[in-house]
*Asks:* 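Here it is, the structure in full.
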Number of protein chains: 2
Amino acid sequence: MRNENATIYDIASDAGVSIATVSRVLRGETNVSPATREKVQAAIDRHNYRPSSIARGMISKSTHSLGIVLPKLLNPHYAMIFSGAHEEARKMGYSMSLFPWSSIDTRAYDPATMLVERRLDGVIVCVEYLSPDHDEQVLLSLRELKRFMPVVLIGCVPPWYDFPAVSDNNAAMMRQIVAYLVSLGHEKIAFIGGVQEDKDPLRRDVGYMEGLRDARLPYTASYRVYGKGTATAGEMALGNMLDALKPEYWPTAVIALNDLVAMGCQAEARRRGLVMPDQLSIVGCDDLFCAPYLCPPLTSINTHQQRTGARAVQLLISGEEKKETVEWEMIERGSCARIK
Amino acid sequence: MRNENATIYDIASDAGVSIATVSRVLRGETNVSPATREKVQAAIDRHNYRPSSIARGMISKSTHSLGIVLPKLLNPHYAMIFSGAHEEARKMGYSMSLFPWSSIDTRAYDPATMLVERRLDGVIVCVEYLSPDHDEQVLLSLRELKRFMPVVLIGCVPPWYDFPAVSDNNAAMMRQIVAYLVSLGHEKIAFIGGVQEDKDPLRRDVGYMEGLRDARLPYTASYRVYGKGTATAGEMALGNMLDALKPEYWPTAVIALNDLVAMGCQAEARRRGLVMPDQLSIVGCDDLFCAPYLCPPLTSINTHQQRTGARAVQLLISGEEKKETVEWEMIERGSCARIK
DNA sequence: AGTTATAATGAAAGCGCTATCATAAGTGAA
DNA sequence: TTCACTTATGATAGCGCTTTCATTATAACT
């Protein structure tokens with residue numbers, strides 16, 4: 001029933017030529033007589049023959065397949081990156097396999113073993129900061145991985161990571177958002193970030209601080225809180241912030257680390273009966289597909305994540321060892337109101 | 001700089017043994033003397049050696065990698081399936097690559113070539129009905145693909161598809177929703193489906209019709225409309241339906257094909273100033289992560305898509321040739337109101 | 001006709017492993 | 001001491017391709 005895959009020998013003997021000739025036809029070499037070519041092609045068609053990329057890979061030392069490592073496919077942010085990367089890879093003739101984050105950061109079984117054993121031609125790693133320990137571990141694993149195959153990073157990559165990378169210009173994005181909110185008359189602007197990290201100057205909270213400075217607004221410690229970057233974390237973070245402040249000090253605008261956090265903030269604000277956007281403006285980041293369907297529709301930053309993924313694949317394949325940032329675009333939707 | 005991958009010969013000569021012995025150590029065979037084993041292991045560690053799964057695959061005829069074909073990773077529905085499938089595959093020691101839908105339904109370049117050339121151990125295909133022509137084409141391609149490797153389908157698989165498959169029990173789900181809405185007093189219940197298809201008795205619109213019959217409600221043709229299954233399509237579908245009806249005939253409840261469509265319906269209803277859920281109840285399906293954050297929070301059906309993906313992998317690996325349906329669960333969230 | 005360049009093909013090595021078979025060394029019973 | 005039997009190891013043949021090199025057959029020159 002199943003087609004026991006034909007081999008080049010089957011084709012050769014069927015066509016009455018040597019395997020070398022079949023190979024020439026397969027690879028489109030020109031020095032084959034038309035008559036022979038035709039015979040061989042006929043045999044190929046008859047058997048539905050497809051050369052094994054496995055066997056080819058043994059010789060060429062290239063599997064024409066890439067890997068992508070990311071924390072969580074269910075987060076649409078990563079799905080978008082994957083989607084863009086995958087499409088670009090396909091265009092370049094590569095396939096792409098997904099690997100769980102644990103293939104990098106676990107010492108339980110030698111990290112990266114899965115990736116290395118499969119002899120991928122390269123791997124894209126979406127990094128995520130979780131803790132100083134974790135960060136150190138990840139950097140070690142990445143360095144080790146890099147000894148085996150090209151690695152390109154995506155995400156918030158600190159300057160001291162010696163890897164080619166494609167990142168968002170986080171600081172600039174945040175500064176733009178702060179400026180935008182200031183232009184609407186906001187002065188009490190809060191920031192709900194992800195895991196706190198203090199050394200990396202490229203992170204979003206740094207941009208938030210810079211934005212405040214640009215606008216000569218005072219920095220209020222209780223306006224800057226951290227969470228895990230999820231919707232639930234956003235709810236809790238905003239809840240705790242408001243609980244800790246007298247209502248007259250409540251921020252009039254919240255900048256959320258990403259749209260998930262923003263969604264959580266909306267939920268929490270609604271629970272407290274705050275009218276949005278009048279009593280609370282919220283800005284997200286990532287521009288998830290659901291942003292236009294939230295209440296109010298969420299103003300967000302389109303970070304062109306598919307383009308990010310695609311660009312990472314280009315760097316990976318070309319071997320360029322550089323760090324790049326991608327353009328972004330603020331999408332106004334109405335979750336921010338002018339302060340009267 | 002880069003580690004030119006060590007081979008089994010490097011290890012053998014470094015450890016002063018034959019490659020056969022190294023291979024025995026690698027595969028954990030017992031008939032190796034402890035002293036030798038130790039020597040070999042030391043050499044392996046010294047070189048950071050990882051056996052090539054490519055070379056292994058040449059012999060074992062198994063790549064230990066699976067494929068998944070789906071229309072659109074950006075649709076969280078498919079991301080959830082992929083996520084579940086991927087995790088299960090990893091547990092079983094397989095890697096998983098994503099392939100675009102075009103690898104199945106294009107005749108431009110021989111379909112499935114990418115899949116076959118890579119000698120995958122099996123592939124999961126998420127099918128989507130688009131048109132009769134497309135459907136026929138897909139079935140042909142799938143049959144051809146099956147000659148080369150095990151195939152398991154996910155999605156709305158018609159009875160005449162002779163493939164192992166994991167599907168939702170669409171009809172039963174829809175009947176449950178209709179019954180639920182009826183129990184809230186609704187009588188004018190609309191259904192916004194995906195692409196219309198008339199032969200397959202397992203589709204959601206059939207369940208909707210059955211649900212009406214269960215409740216002895218009349219079927220109103222203008223309450224059943226079709227679209228493309230996206231949020232935008234949902235907006236348009238509901239808009240057209242309401243435009244075509246006098247307000248006194250407007251449905252009091254809408255069953256959406258999925259949460260995306262439901263999101264679109266909410267947007268359209270809001271645009272028309274309909275108060276939800278009082279003037280319009282909406283039920284979705286798929287229970288996307290954003291469902292709880294919509295306004296009102298969307299009542300939906302959790303179709304356990306990760307479990308679906310995982311189960312498909314199990315069927316693929318075990319080779320069981322059966323069709324299965326997965327359990328589901330209605331999640332009430334408040335987008336449906338009782339009719340006074 | 002004789003020599004040389006050119007085109008078309010085949011034979012065979014090798015990619016990095018596994019698996020089979022052969023060989024060598026060690027053990028205990030007759 | 002010899003024989004059968006186990007245990008540890010090596011030599012080697014593939015797996016399905018690509019690639020190099022050698023070998024023809026054919027055309028193009030003196």
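Atom set for the values below is all heavy atoms of this structure, side chains included, hydrogens, waters and symmetry mates excluded. Every chain is numbered from 1, with letters handed out A, B, ... down the list of sequences.
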*Asks:* Judged by modelled atom types alone, do Arg119(A) and Thr63(A) share a side-chain donor-acceptor pair under 3.5 Å?
*Replies:*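 No, no side-chain donor-acceptor pair sits under 3.5 Å.
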
*Asks:* With 3.5 Å as the limit, what N/O pairs link the protein to nucleotides 23-28 of chain C?
*Replies:*
none

*Asks:* If you assign each of Thr36(B) and Met58(B) to its closest nucleotide in DNA chain D, which residue comes earlier from the 5' end?
*Replies:*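 Whichever sits nearer the 5' end wins; that is Thr36(B).
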
*Asks:* Could you state the CD1-P distance from Ile11(A) to dG16(D), rounded to the nearest angstrom?
*Replies:*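 Rounding to the nearest Å, CD1 of Ile11(A) and P of dG16(D) are 12 Å apart.
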
*Asks:* Whole-Å distance between dG14(C) C1' and Ile54(A) CD1?
*Replies:*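 Roughly 18 Å, once rounded to whole Å.
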
*Asks:* Mind listing the closest non-hydrogen atom pair of Pro159(B) and Lys323(B) along with its distance?
*Replies:*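 For Pro159(B) and Lys323(B), the tightest heavy-atom pair comes out as O-NZ, 3.5 Å.
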
*Asks:* Considering just the side-chain nitrogens and oxygens of Thr21(A), establish if one lies under 4.0 Å of OP1 or OP2 belonging to dT9(C).
*Replies:*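 Thr21(A) to dT9(C) OP1/OP2: no side-chain N or O under 4.0 Å.
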
*Asks:* Side chains of His47(A) and Asp10(A): is there a donor and an acceptor less than 3.5 Å apart?
*Replies:*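 There is no such pair (donor and acceptor under 3.5 Å, judged by atom type) between the side chains of His47(A) and Asp10(A).
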
*Asks:* Across the strands shown, which category fits Arg119(A) at heavy-atom distances under 4.0 angstrom: base, sugar-phosphate, nothing?
*Replies:*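 Sugar-phosphate contact only - Arg119(A) comes under 4.0 Å of backbone atoms but never of a base.
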
*Asks:* Please report the distance, rounded to the nearest Å, between CG in Asp10(A) and P in dC17(D).
*Replies:*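 Checked: the CG to P distance equals 9 Å.
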
*Asks:* If you only use heavy atoms from C-beta on, which nucleotide in dA8(C), dA11(C), dA8(D) is closest to the side chain of Ser33(A)?
*Replies:*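 The closest nucleotide is dA8(C).
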
*Asks:* Side-chain donor-acceptor contacts of residues 78-88 of chain A below 3.5 Å, not counting sequence neighbours, with atom names and distances?
*Replies:*
{"residue": "His86(A)", "atom": "NE2", "partner": "Leu98(B)", "partner atom": "O", "Å": "2.9"}
{"residue": "Glu88(A)", "atom": "OE2", "partner": "Gln314(A)", "partner atom": "NE2", "Å": "3.1"}

*Asks:* Considering all heavy atoms of both residues, which atom of Val326(A) and which atom of Thr303(A) are nearest to each other, and what is their separation?
*Replies:*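 Scanning both residues completely, I find the closest heavy atoms to be CG2-O, 3.9 Å.
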
*Asks:* Using a 4.0 Å heavy-atom cut-off to protein, can you give one letter per nucleotide of nucleotides 18-27 of chain D, 5' to 3': B if the base is in contact, S if only the sugar-phosphate is, - if neither?
*Replies:* BBB-------

*Asks:* Side-chain N or O of Thr7(A) versus OP1/OP2 of dG16(D): is the shortest distance under 4.0 Å?
*Replies:*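 No, because none of the side-chain N or O atoms of Thr7(A) sits under 4.0 Å from OP1 or OP2 of dG16(D).
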
*Asks:* Please find the pair of heavy atoms, one from Val25(A) and one from Arg37(A), that lie closest to each other, and give the distance.
*Replies:*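 Taking Val25(A) first and Arg37(A) second, the nearest heavy atoms are CG2-CA, 4.1 Å.
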
*Asks:* Any side-chain donor paired with an acceptor under 3.5 Å for Arg118(A) and Ser95(B)?
*Replies:*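 Checked: Arg118(A)/Ser95(B) side chains pair up, N/O donor to acceptor below 3.5 Å.
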
*Asks:* Determine yes or no for a side-chain-to-main-chain donor-acceptor pair under 3.5 angstrom, with Ser167(A) supplying the side chain and Gly155(A) the backbone.
*Replies:*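 Side chain of Ser167(A) to backbone of Gly155(A): a pair is present.
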
*Asks:* If I take atom NE2 in residue His47(B) and atom P in nucleotide dC17(C), what distance separates them, rounded to the nearest angstrom?
*Replies:*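 Computing the His47(B):NE2 to dC17(C):P distance gives 13 Å.
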
*Asks:* If you check every side-chain atom of Val17(B), which of dG10(D), dA8(D), dT9(C) has the closest atom?
*Replies:*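 Per side-chain heavy atoms of Val17(B), the pick is dG10(D).
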
*Asks:* So, is Lys61(B) near the phosphate of dG16(D), with a side-chain N or O under 4.0 Å from OP1 or OP2?
*Replies:*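 Yes, Lys61(B) has a side-chain N/O under 4.0 Å of OP1/OP2 on dG16(D).
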
*Asks:* Under 3.5 Å, is there a donor-acceptor pair between the Tyr161(B) and Asp200(B) side chains?
*Replies:*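 Their side chains do not contain a donor-acceptor pair, so the 3.5 Å distance test is not met.
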
*Asks:* Is the phosphate of dG16(D) approached by Ser52(A) (side-chain N or O, under 4.0 Å from OP1 or OP2)?
*Replies:*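 So the side-chain polar atoms of Ser52(A) never come under 4.0 Å of the phosphate oxygens OP1 or OP2 of dG16(D).
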
*Asks:* Expressed as a whole number of angstroms, how long is the span from Glu117(B):CD to dG16(D):C1'?
*Replies:*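 Value for this atom pair: 13 Å.
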
*Asks:* Can you measure His64(B) atom NE2 to dC17(C) atom C1' for me and round it to whole angstrom units?
*Replies:*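 Nearest whole value for this atom pair: 15 Å.
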
